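Step one of this worksheet: look at the structure below.
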Amino acid sequence: MTHPSTLTLHRMRYGELSADEVRDIEAHLTGCEACSARLQSQLSNRAAFELAPVPDAIRVASKPARSPWRLAGWLVPALAAAMALVVISPFSGTELPGDETTLVETERTKGSNQGARSLQIWLDAGEPTRLAEGASVSPGDRVQLKYRARPGWVTFAGVDGRGVVEVYKAVNTDGSGEWRPAPFSLTLDDAPGEQQFLAVFTSERPDRQAVADALKSGKTVPGLKIERVTVVKPR
Amino acid sequence: MNPRATTIAAAAALPERRAMALDVESLYRRYGDMVLGRCRALLRNEADAQEVCQEVFLKVHRYRARFRGEASPSTYLFRVTTTTCLNHMRGRRRRPEDPVEEPPAVMVEDSAIAGHALRDLVGRLLKTTDERTQACLIYHYVDGMTHQEVGDLMGLSAAAVRKRIGKFRAGMRDTPPDWLKGGLK
């Protein structure tokens with residue numbers, strides 16, 4: 001047989017291979033020093049791993065979650081006032097695979113350049129998954145926006161089911177027209193109903209407040225090209 | 001016959017769906033050595049490896065309902081770990097520090113690339129091609145998977161994997177980078 005892959009050796013250790021497969025690999029190992037060394041390395045790592053403590057984050061996650069209704073009373077107003085979305089980190093390692101062929105349905109203002117600008121939303125769920133317009137999401141889901149644009153600026157914003165507008169960040173685009181991840185990821189909170197994500201395209205650096213005011217007013221503003229994608233949280 | 005392997009295989013046997021239904025701590029205890037080792041091998045920074053390892057388990061735990069048993073738990077975790085490591089490498093701030101021992105080499109037929117030091121190879125692949133092809137190359141050259149195995153893991157046909165790797169090799173052959181000593185034949 002050919003040399004077993006790293007994953008195949010792991011699967012053998014975890015008892016996920018058939019008896020025939022294990023027999024073949026064992027036969028190979030008797031004559032292959034390199035593969036025996038690879039297996040030995042895995043076994044050594046296993047032995048060291050078993051001596052190390054389980055990280056606190058893993059232990060905490062294993063405990064059943066407390067019901068939000070049991071939160072202390074003083075916390076409730078604070079939570080009610082919390083933003084619909086919390087920017088949990090600057091973009092670092094949440095880049096997701098591009099999709100060069102399909103655009104999400106977006107709403108364009110008059111005069112926008114069809115096909116030149118667009119917005120996507122991706123769910124970071126183990127494997128990145130692109131969300132369609134109107135897709136169902138849950139509180140705690142982590143999402144990433146992706147955009148493509150001509151030279152200029154794109155400002156990302158969100159409007160939650162209660163109508164709260166939040167402007168996240170403005171980015172100077174490279175104008176390549178290629179899909180780019182927004183430089184942050186988002187974790188959804190528990191505000192129910194529709195959650196809109198918007199990309200506001202401008203030729204010059206935008207004023208955050210002006211963008212927020214434009215979105216709150218719902219009026220068309222000359223020079224602002226807006227695209228949006230909507231997801232839905234359960235009520 | 002390798003008695004070590006047999007002993008471990010027998011002791012570890014557990015139905016796949018049941019394994020993924022374990023709480024995150026049990027999942028970590030069972031598969032953490034593979035995930036952490038993979039993170040160390042690809043990231044070569046102990047702090048990054050510990051961080052990404054935890055991220056993988058918390059992510060898989062959160063979305064465990066979506067695991068439909070199409071792959072074994074270890075295969076699923078291996079793929080998620082690879083994706084998470086590659087994403088982390090694209091955005092990380094810390095530089096590799098080479099704290100861990102170089103993993104034993106894996107032999108594949110196409111050894112001009114595979115023979116290159118792993119510590120150099122992964123980082124260089126990230127600069128040379130698209131994300132899906134990067135994963136194909138790492139599974140093939142670093143992990144020693146066949147085209148079919150890579151395809152099974154990534155939801156591609158073996159032909160599609162061969163095509164991606166072939167295109168990468170052609171690029172390396174036509175315009176060999178400095179790091180690929182001797183180039184490709």
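Remember, predicted model here, so these are calculated numbers, not experimental data.
Your options are Tyr28(B), Phe78(B), Tyr139(B), and the one with the most heavy-atom pairs under 4.5 Å with chain A is Tyr28(B).
For Glu50(A), the CD atom counts as densely surrounded, since its 6.0 Å shell holds more than 12 non-hydrogen atoms of other residues, nucleotides or ligands.
Under the rule for a side chain to side chain donor-acceptor pair (under 3.5 Å), the partners of Asp152(B) that lie at least two apart in sequence or sit in another chain are Gln148(B). For Lys169(A), the side chain to side chain contact (heavy atoms under 4.5 Å, CB included) criterion is met by Pro183(A), Phe184(A), not counting sequence neighbours.
Both the backbone and the side chain of Arg79(B) come within contact range of chain A, judged by heavy atoms closer than 4.5 Å. Contact annotation for Thr81(B): neither backbone nor side-chain heavy atoms come within less than 4.5 Å of a heavy atom of chain A. Within the 4.5 angstrom heavy-atom criterion, only side-chain atoms of Glu149(B), from C-beta onward, approach chain A.
If you run ring pair (Phe, Tyr, Trp, His ring centres under 6.0 Å) between Tyr147(A) and each of Trp153(A), Phe197(A), Trp179(A), Phe156(A), only Phe156(A) comes through.
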